Undergrad: 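To start, I am sharing the structure in question, which I have written as structure tokens.
One is the number of the first residue; the rest follow in order along the sequence. Since the structure is predicted, the reported quantities are computational estimates derived from the model, not experimental observations.
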Amino acid sequence: MQSDHKNVLVLGTCQMLSGTGRGLFMVTSPVVALLIAPHPALVTLPTGLIVVGAALAAMPTSLFTRRFGRKIGFLCGTVLAAASGISCTSAVLFGNFWLLLLGGFLYGLFSSFSQLYRFAVADAASKEFRPKAISFVLAGGVFAGFAGPNLANWGKGLLASHLFAGAFLFMVGTGLLAAIVLMFLNIPNLTKEQLEGEQRPLLAIVKQPVFIVAAVSATVAQSVMNFLMTATPVAMIAHGGHAFGSVATVISSHSVSMFAPGFFTGSLVKRFGEIPIIMTGLTLQAACIGVALLDIHVFHFWLAMVLLGLGWNFTYTAATSLMTTAYNPAERNKTQGMMNQIIYTVVAIGSLSSGAFIHFLGWNWVNIGAMPMLLLAVLVTLWHAAAKSKAADV
């Protein structure tokens, strides 16, 4: 149990650092892109490329960590995080939009490693502690919710001659600091017996109802979150005329609401089960859309983003916990890789299209466009719950 808690502390800290860099990038890159992008419809492309990078690397990353171990894999990821910060800083210094795109893509490759933090701690934790371990690691993002946007706001003038270059330098620091923290990680590699253990074909694993509902609900929660959050800074500045400080506050509150429930979501999952918590999360995200459609005052953006973050945490934590029941140790890497592959492939499409949505159709249609995804997740989750209840009655 002591080892469980140590791994939670290490990976929770790394989650915090990863979220800090991501939050900083999410706030800063759209504003920088407004200044150097060749077309306004491309301003969300750098943030979209984070998801593209994560999608492309999801399965290779899982297989890499299977071969070389979690610790080596995560350390390689921190190198990519630091390289992303260097590329983004150079983008500002040279006014080069392509370097900003490269920075987003590199951070996406790093994200494919950091997205395995929650699975890594679950694999090493006891069955009783597993939901809480997942939840506590995600809770590491609470500090990131404050740090990322505020570091962006503070660092924007750090290099007076190049606005925002100083902010991106903090991304280099978070990557290097994460590498130091990871030296204390203690997760055993798979044994020879586990590596060579019996494995079902991937199709057989994916066809399981438990995999389907976990993958669909997590994918929708992440997609809706990214789709709306990516467009929010653009909507606030270009449509609402709000100041950058207000944008930083809104995104900061959103980030905190994403991760603060992590201190108790695991306990809720353990008490009520995954399906009720997934449904609660999807309902909160639907409420976010309702608020966002009311008006474009700062308060409405703020409340919508808080509800969006809360909904993401509930659904994503419960879906991750549910997914751990879909595989045996020998199958874990390819199953986790496939889940992340599905999530980030779909999320990439949404992130890349959100800029065009808001430019050509407006903020309201960004929100309306998220509704069908939530409806799909609700229907799939209800289908699984009904099937499970029917099986229990037999």
Undergrad: Is there a side-chain contact between Thr232 and Met305 in this structure, where contact means two heavy atoms from C-beta onward sitting under 4.5 Å apart?
TA: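 Answer yes - side chains close enough.
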Undergrad: Can you give me the closest heavy-atom contact between Leu100 and Cys88, atom names plus distance?
TA: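 In this case the closest contact between Leu100 and Cys88 is CD1-SG, 4.2 Å.
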Undergrad: State whether the side chain of Thr174 and the backbone N or O of Met171 hold a donor-acceptor pair below 3.5 Å, judged by distance alone.
TA: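 Yes; at least one donor-acceptor contact below 3.5 Å.
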Undergrad: Looking only at heavy atoms, what is the nearest atom pair of Thr219 and Val347, with distance?
TA: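 Between these two residues, the closest heavy atoms are O-CG2, 4.3 Å.
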Undergrad: Hey, can you tell me if Phe25 and Tyr107 have their rings parallel, tilted or perpendicular (30° and 60° cut-offs)?
TA: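 It falls in the parallel class, under 30°.
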Undergrad: Do you see a donor-acceptor pair shorter than 3.5 Å between the side chains of Asn226 and Gln222?
TA: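 Present: a donor and an acceptor within the cut-off.
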Undergrad: Just so I know, are the side chains of Leu374 and Ile289 near enough to count as touching, which here means a heavy-atom distance under 4.5 Å?
TA: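 A side-chain contact exists here, since the closest heavy-atom pair is under 4.5 Å.
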Undergrad: Provide the closest heavy-atom pair for Ala304 versus Val291 in the form atom of the first, atom of the second, distance.
TA: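 Nearest heavy atoms, Ala304 then Val291: N-CG1, 3.9 Å.
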Undergrad: Does any donor atom in the side chain of Ser321 or Glu274 lie under 3.5 Å from an acceptor atom in the other side chain?
TA: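 Their side chains do contain a donor-acceptor pair, which is all the 3.5 Å distance test asks for.
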Undergrad: Does Ser257 reach the main-chain N or O of Val306 with its side chain, forming a donor-acceptor pair under 3.5 Å?
TA: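 Yes: the side chain of Ser257 pairs with the backbone of Val306.
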Undergrad: Please determine whether residues Leu294 and Trp363 belong to a single hydrophobic cluster, defined as Ile, Leu, Val, Met, Phe, Trp and Tyr linked transitively by side-chain heavy-atom distances below 4.5 Å.
TA: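 They do not share one cluster, since no chain of ILVMFWY contacts under 4.5 Å joins Leu294 to Trp363.
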Undergrad: A quick test of your reading: do over 12 heavy atoms of other residues, nucleotides or ligands sit less than 6.0 Å from CH2 of Trp383?
TA: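 Yes, because the 6.0 Å sphere around CH2 of Trp383 holds more than 12 heavy atoms from other groups.
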Undergrad: Among side-chain atoms of Gln208 and Arg200, is any donor-acceptor pair under 3.5 angstrom?
TA: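 Distance-only check passes for Gln208 and Arg200.
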Undergrad: Could you go through the side-chain contact (heavy atoms from CB on, under 4.5 Å) check for Ser135 and Val269 one step at a time?
TA: CA-CA 9 Å; Ser135 185; Val269 170; over 6 Å; no
Undergrad: Within the structure provided, determine whether Ser111 and Arg22 are in side-chain contact (heavy-atom separation under 4.5 Å).
TA: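 In contact.
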Undergrad: Do Thr265 and Asn313 meet the criterion of a side-chain donor-acceptor pair at a distance under 3.5 Å?
TA: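 Yes, a side-chain donor-acceptor pair sits under 3.5 Å.
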Undergrad: For Lys71 and Met183, indicate whether the former's side chain and the latter's backbone hold a donor-acceptor pair under 3.5 Å.
TA: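 Yes, Lys71 side chain to Met183 backbone: donor-acceptor pair under 3.5 Å.
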Undergrad: Can you tell me how the ring of Trp312 sits relative to the ring of Tyr316, calling it parallel under 30°, perpendicular over 60° and tilted otherwise?
TA: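 Taking Tyr316 first and then Trp312, their aromatic rings lie parallel (interplane angle under 30°).
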Undergrad: Can you find a heavy atom in the side chain of Cys288 that is under 4.5 Å from one in the side chain of Leu228?
TA: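 Of all side-chain heavy-atom pairs linking Leu228 with Cys288, at least one is under 4.5 Å.
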Undergrad: Taking the six-membered ring for Trp, are Phe64 and Phe113 parallel (under 30°), tilted (30 to 60°) or perpendicular (over 60°)?
TA: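 Rings of Phe64 and Phe113: perpendicular, over 60°.
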Undergrad: If I compare all heavy atoms of Phe105 with all of Gly53, which pair ends up nearest, and what's the gap?
TA: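 Between these two residues, the closest heavy atoms are CE1-CA, 3.6 Å.
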Undergrad: Heavy atoms only: give me the nearest Thr315-Ser217 pair and the separation to one decimal.
TA: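 In this case the closest contact between Thr315 and Ser217 is CG2-O, 3.4 Å.
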Undergrad: Give a yes or no on this: more than 12 heavy atoms of other residues, nucleotides or ligands lie within 6.0 Å of atom CZ of Phe184.
TA: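 Count not over threshold, so no.
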Undergrad: Any side-chain to backbone donor/acceptor pair from Thr78 onto Leu75? Under 3.5 Å, distance only.
TA: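 Confirmed, Thr78 side chain pairs with Leu75 backbone.
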Undergrad: When you compare the side chain of Lys334 with that of Gln199, does any pair of heavy atoms fall below 4.5 Å?
TA: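 Counting from C-beta outward, Gln199 and Lys334 do come under 4.5 Å.
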Undergrad: Could you check whether any side-chain heavy atom of Ile296 comes within less than 4.5 Å of a side-chain heavy atom of Met236, counting everything from C-beta outward?
TA: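 When only atoms from C-beta onward are counted, Met236 and Ile296 do not touch, as no gap falls below 4.5 Å.
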Undergrad: If you take all heavy atoms of Ala82 and Val172, which pair is closest and at what distance?
TA: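 Residues Ala82 and Val172, closest heavy atoms: O-CG2, 3.6 Å.
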Undergrad: Which residue pairs pass the ring pair (Phe, Tyr, Trp, His ring centres under 6.0 Å) test when at least one of the two sits in residues 320-341, sequence neighbours left out?
TA: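 Counting only pairs at least two positions apart or across chains, no ring pair (Phe, Tyr, Trp, His ring centres under 6.0 Å) contact touches residues 320-341.
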Undergrad: Are Ile86 and Trp98 grouped together when hydrophobic residues (ILVMFWY) are joined by side-chain heavy atoms under 4.5 angstrom apart?
TA: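 Different clusters.
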Undergrad: Examine distances only and state if a side-chain atom of Ser112 and a backbone atom of Ala54 form a donor-acceptor pair shorter than 3.5 Å.
TA: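 Side chain of Ser112 to backbone of Ala54, a donor-acceptor pair under 3.5 Å: no, none is there.
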Undergrad: Given 3.5 Å as the limit, does a donor-acceptor pair link the side chain of Arg70 with the main chain of Val121, or not?
TA: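 Looks like no, no N/O pair under 3.5 Å.
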